[in-house]
Asker: 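Have a look at the structure that comes next, please.
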Amino acid sequence: MCGTLRASDAGKKAVLMGWVNRRRDLGNLIFIDLRDRTGVTQVVLNREVDAAAHDKADLLRNEYVVAVIGTVKRRDADTVNKNIPTGEVELVASEIRILNESKLPPFLPSDTALTNEETRLKYRYIDLRREVMQFNIETRHKVAKAIRDYLSVQGFFEIETPFMTRSTPEGARDYLVPSRVQPGTFYALPQSPQLFKQILMISGFDKYFQIVRCFRDEDLRADRQPEFTQIDLEMSYPQPERVWEVVEGFLTAAFQAAGSAIKTPFPRMDYDEAIRSYGIDKPDLRLPAFTEVRECFTAENLQELAINANLPVIAIRTPKVGELSRKERDDIKPMFHAKGGAKIFEDFKRIGNKFPEAAAAIAKKTGMEEGDLIVLVAGSAQAGPQTAMPTHRKVTPAELAIYASAGLLRLALAQKHAERHGIFKKSGDAAKDFRFLWVTNFPMFEWDEGEKQWMAAHHPFTSPHEEDMGLLEAGVESVNDPQSPLSAVRALAYDVVLNGTELGSGSIRIHRQDIQRKIFRALGMTEEEARSRFGFFLEALEYGTPPHGGIALGLDRIVMILAGAESLREVIPFPKTARAVDLMCDAPTPVNERQLRELGIVVKK
RNA sequence: GGGGACGUAGUUCAGUUGGUUAGAACGCUGCCCUGUCACGGCAGAGGCCGCGGGUUCGAGUCCCGUCGUCCCCGCCA
């Protein structure tokens with residue numbers, strides 16, 4: 001292969017096949033850099049040594065596919081190229097065969113400047129020839145293989161579940177597949193194999209996993225594609241800790257395969273604490289946590305600043321951004337998306353001028369250092385509770401609005417000034433570069449302001465906390481009451497988070513039919529509705545279901561972080577654009593009348 | 001559904017206050033070159049300034065619309 005020859009191979013005959021990466025034509029001497037996925041080797045053609053081969057090399061152009069037969073020669077000391085692993089040798093060609101010519105590509109894999117993504121995606125096969133993309137796809141393979149191997153050794157079976165399945169209209173939108181045999185009916189592509197893997201537990205396959213494609217018809221983001229790959233697993237009889245142990249095990253193996261030694265066990269944090277300290281349920285631990293600074297102000301201070309004294313006052317510290325220009329300070333405000341009456345104080349100097357004592361206390365409490373940026377977020381006096389309100393929840397909705405607004409701002413500020421603080425740069429120390437975290441004890445239910453009712457925060461098959469069964473019992477009839485005890489029911493659910501990205505989400509499931517029925521009731525679903533949607537599953541639950549639980553992790557996201565990529569598109573060979581289009585094969589497209597007729601489908605204009 | 005950024009040669013970009021024939025680098029074509037490795041030198045080709053409309057004596061530049069790509073909010077049980 002083109003990346004494997006070394007000085008010890010000198011004198012051997014070799015045949016290399018690959019693409020012409022670059023040609024350096026010095027007249028009677030031509031150098032060809034020959035490339036395949038393993039690397040690049042220099043081929044040399046000397047007119048005096050072999051005129052026929054030299055003439056052939058004259059015809060070569062970028063991205064031609066050629067076979068070169070020749071002898072490996074150790075290079076003279078002064079012509080060694082230290083920048084490439086094969087730099088100590090070159091192949092002296094005796095014969096060149098052009099296996100295929102190439103049109104001039106819109107961009108070259110050897111280009112140093114990165115072409116715009118639209119062109120890259122249209123000519124993805126050229127783009128994938130680039131060294132970075134080859135590395136990313138190789139990393140993806142290694143990670144998937146390490147996980148398969150690890151789980152197999154642990155006694156898990158990889159079992160396939162259907163792609164053409166039943167639509168369960170809840171949660172994300174389904175991609176639908178019309179049935180020709182039964183016109184007017186549709187399969188759905190799975191958002192996850194959730195019910196199938198639970199049924200596999202009922203079926204006695206007590207350790208299941210699958211590296212499986214999932215589909216969600218929702219709007220895209222840099223870290224969200226409509227089809228994505230999950231490492232899905234489920235086991236019978238586990239405590240949450242057992243699931244975490246398995247995940248930590250296969251992630252260690254996966255990161256090892258990609259060259260990073262991570263530390264386990266991962267730290268754990270309650271959902272409530274994550275919200276209070278980071279304003280988000282997937283904290284990026286590489287950045288400083290919030291500091292609660294309400295106590296740094298006097299009651300009069302708060303009044304003068306029109307801050308609601310019953311809500312948190314949060315200081316966000318962004319390290320080492322240095323002195324901000326007037327414009328940079330003005331740019332902070334538009335980055336702030338206020339929820340529920342949250343307001344921002346982006347000019348900490350002004351706070352310092354007006355309330356020097358409070359500012360000093362804040363600087364001390366946040367551990368502010370020279371060059372650190374401090375921004376405050378608080379509740380506006382006009383909005384939110386005017387008195388401290390009793391609640392079942394540790395974090396009230398009004399507080400959550402403040403925390404969440406501050407949480408988004410914390411990330412936006414860190415992103416904006418990434419160049420300056422350098423926290424996101426890889427240091428080579430896996431313990432610093434990869435900050436894993438388990439977030440646990442999620443709320444079971446979330447209030448849906450639009451529907452005016454409580455909804456499942458994770459999914460309706462998640463088991464409530466044993467200790468909170470009483471609250472569930474008490475709240476089961478008050479699904480439309482925002483103050484319902486349901487708000488305080490915790491779920492046996494957990495997320496694994498890496499550097500602020502949610503890698504995966506799992507839970508201990510409900511294995512008892514009576515509790516499952518209660519949850520559906522708490523979600524405002526009648527017996528009939530539950531039956532019509534999940535009847536097959538509810539029935540299965542009645543035939544000796546073992547306690548079980550599991551998790552699913554996004555393979556794409558793991559590889560993205562390992563590859564240091566900014567977007568999933570860099571680690572998925574054929575990804576889709578923000579409008580869910582495949583630019584290479586131009587999907588989706590309309591289909592012809594005959595196809596539609598066969599399916600009994602009429603498209604409305 | 002909403003907000004923002006961008007769109008100029010094959011590619012990456014520049015293009016001043018609206019003013020002559022829209023530039024550079026890389027790539028491409030041809031010629032020269034025996035130690036290059038992002039080779040070098042000389043010459044050359046290459047433009048619907050995304051598209052449509054408007055303002056203006058005059059538009060790559062200003063305005064409106066539209067299409068496309070990217071980022072974010074909503075959404076993602």
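Chain naming here is simple, since letters A, B, ... match the order of the sequence lines and numbering starts at 1 in each.
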Asker: Expressed as a whole number of angstroms, how long is the span from Arg173(A):CZ to G74(B):C1'?
Answerer: 10 Å
Asker: Kindly say if Lys339(A) contacts the phosphate of G74(B), meaning a side-chain N or O under 4.0 Å from OP1 or OP2.
Answerer: yes
Asker: Quick one: side-chain contact (heavy atoms from CB on, under 4.5 Å) partners of Thr545(A), sequence neighbours excluded?
Answerer: Ile202(A), His511(A), Leu541(A), His548(A)
Asker: Just by distance, do the side chain of Asp468(A) and the backbone of Leu471(A) share a donor-acceptor pair under 3.5 Å?
Answerer: no
Asker: Which part of the nucleic acid, if any, lies within contact of Gln42(A), taking any heavy atom under 4.0 Å across all strands shown: a base, the sugar-phosphate backbone alone, or nothing?
Answerer: base
Asker: Using side-chain hydrogen bond (donor to acceptor under 3.5 Å, both in side chains) as the criterion, list what pairs up with Arg6(A), not counting sequence neighbours.
Answerer: none
Asker: Return the 5'-most residue of the pair Leu583(A), Asp223(A) with respect to RNA chain B, ranking by each residue's nearest nucleotide.
Answerer: Leu583(A)
Asker: Roughly how many Å apart are U36(B) and C72(B), using the P atom of each and rounding to a whole number?
Answerer: 47 Å
Asker: Over all strands shown, is Asn116(A) touching base, sugar-phosphate only, or nothing at heavy-atom distances under 4.0 angstrom?
Answerer: sugar-phosphate
Asker: Is a side-chain donor-acceptor pair under 3.5 Å present for Thr168(A) with Arg166(A)?
Answerer: no
Asker: Name every residue in residues 46-58 of chain A that has at least one heavy atom under 4.0 Å from any atom of RNA chain B, in order of residue number, or write none if there are no such residues.
Answerer: Asn46(A), Glu48(A)
Asker: Quantified in whole Å, what is the C1' atom distance between nucleotide U8(B) and nucleotide G4(B)?
Answerer: 22 Å
Asker: Name all residues meeting the ring-ring contact (aromatic ring centres under 6.0 Å, His included) criterion together with Phe424(A); count only those two or more places apart in sequence or in a different chain, and write none if there are none.
Answerer: His421(A)
Asker: So, does Asn62(A) get its side chain near the phosphate of C28(B), meaning an N or O under 4.0 Å from OP1 or OP2?
Answerer: yes
Asker: Work out how far the P atom of G65(B) is from that of U61(B), and round it to whole angstrom.
Answerer: 16 Å
Asker: Please classify the nucleic acid contact of Thr115(A) as base, sugar-phosphate, or nothing, using heavy-atom distances under 4.0 Å.
Answerer: sugar-phosphate
Asker: Which heavy atom of Met133(A) sits nearest a heavy atom of Arg569(A), and at what distance?
Answerer: CE-O, 4.2 Å
Asker: With sequence neighbours left out, write down each residue that passes ring-ring contact (aromatic ring centres under 6.0 Å, His included) with Phe534(A), or none if nothing qualifies.
Answerer: Phe461(A), Phe520(A)
Asker: Just checking Phe163(A) against Phe215(A), ring centres under 6.0 Å apart?
Answerer: yes
Asker: Glu566(A) or Leu220(A): which one's nearest nucleotide on RNA chain B is closer to the 5' end?
Answerer: Glu566(A)
Asker: Nearest of G27(B), C37(B), C76(B) to any side-chain atom of Glu218(A)?
Answerer: C76(B)
Asker: Taking the C1' atom of each, how far is G60(B) from G50(B), in whole Å?
Answerer: 12 Å
Asker: Could you give the side-chain donor-acceptor pairs of residues 334-344 of chain A under 3.5 Å, partners two or more places apart or in another chain?
Answerer:
{"from": "Lys343(A)", "atom 1": "NZ", "to": "Leu305(A)", "atom 2": "O", "distance (Å)": "3.0"}
{"from": "Lys343(A)", "atom 1": "NZ", "to": "Ala306(A)", "atom 2": "O", "distance (Å)": "3.1"}

Asker: Look for any protein N or O under 3.5 Å of an N or O in nucleotides 3-10 of chain B and output each such pair with its distance, or none.
Answerer:
{"from": "G10(B)", "atom 1": "O2'", "to": "Pro106(A)", "atom 2": "O", "distance (Å)": "2.7"}

Asker: Quick test: give all pairs of protein nitrogen or oxygen and nucleotides 38-41 of chain B nitrogen or oxygen below 3.5 Å, distance rounded to 0.1 Å.
Answerer:
{"from": "C39(B)", "atom 1": "OP2", "to": "Arg24(A)", "atom 2": "NH1", "distance (Å)": "3.0"}
{"from": "C39(B)", "atom 1": "N4", "to": "Asp25(A)", "atom 2": "O", "distance (Å)": "2.4"}

Asker: Sticking with atom C1', work out how far C31(B) lies from U21(B), rounded to a whole angstrom.
Answerer: 28 Å
Asker: Would you please name every residue forming a ring-ring contact (aromatic ring centres under 6.0 Å, His included) with Phe442(A), sequence neighbours left out?
Answerer: Tyr271(A)
Asker: Rounded to whole angstrom units, what separation is found between the CG atom of Asn21(A) and the C1' atom of C26(B)?
Answerer: 15 Å
Asker: Assess whether one donor atom and one acceptor atom, taken from the side chain of Glu90(A) and the base of G35(B), lie less than 3.5 Å apart.
Answerer: yes
Asker: What is the distance, rounded to the nearest whole Å, between atom CZ of Arg130(A) and atom C1' of U11(B)?
Answerer: 13 Å
Asker: Shortest non-hydrogen contact from Cys214(A) to Gln191(A)?
Answerer: CB-O, 3.3 Å
Asker: Identify the two heavy atoms, one from Leu60(A) and one from Arg23(A), that lie closest to each other, and give their separation to 0.1 Å.
Answerer: O-NE, 3.3 Å
Asker: Determine whether any donor atom in the side chain of Arg579(A) lies under 3.5 Å from an acceptor atom in the base of C70(B), or the reverse, and answer yes or no.
Answerer: no
Asker: Would you classify Lys73(A) as touching base, sugar-phosphate or nothing, given that sugar-phosphate means primed atoms plus P, OP1 and OP2, and contacts are heavy atoms under 4.0 Å?
Answerer: base
Asker: What does Lys103(A) touch in the nucleic acid at a heavy-atom separation under 4.0 angstrom: a base, only the sugar-phosphate, or nothing?
Answerer: nothing
Asker: Asp495(A) side chain to Val497(A) main-chain N or O, any donor-acceptor pair under 3.5 Å?
Answerer: no
Asker: Suppose the criterion is side chain to side chain donor-acceptor pair (under 3.5 Å): which pairs have a residue in residues 37-47 of chain A, not counting sequence neighbours?
Answerer: Arg24(A)-Gln42(A), Asp36(A)-Thr38(A), Gln42(A)-Glu90(A), Arg47(A)-His54(A), Arg47(A)-Asp55(A)
Asker: What does Arg569(A) touch in the nucleic acid at a heavy-atom separation under 4.0 angstrom: a base, only the sugar-phosphate, or nothing?
Answerer: sugar-phosphate
Asker: For RNA chain B, which residues in residues 400-414 of chain A have a heavy atom at a distance below 4.0 Å?
Answerer: Leu408(A)
Asker: Can you tell me how far P in U20(B) sits from the matching atom in G15(B), rounded to whole Å?
Answerer: 16 Å
Asker: According to ring-ring contact (aromatic ring centres under 6.0 Å, His included), who are the partners of Tyr175(A), at least two apart in sequence or on a separate chain?
Answerer: none
Asker: Does Arg221(A) make a side-chain N or O approach to OP1 or OP2 of G74(B) shorter than 4.0 Å?
Answerer: no
Asker: Pairing check on U55(B): which nucleotide meets the Watson-Crick or G-U wobble criteria with it, both distances under 3.5 Å?
Answerer: none
Asker: Base, sugar-phosphate or nothing for Leu114(A)? Non-hydrogen atoms, less than 4.0 Å.
Answerer: sugar-phosphate
Asker: Which nucleotide in the list G27(B), C72(B), C76(B) gets nearest to the side chain of Ala172(A)?
Answerer: C76(B)
Asker: For the P atoms, the ones on A9(B) and on C13(B), what distance do you get once it is rounded to whole angstrom?
Answerer: 11 Å
Asker: Would you say Asp25(A)'s side chain and Gly27(A)'s backbone share a donor-acceptor pair under 3.5 angstrom?
Answerer: yes
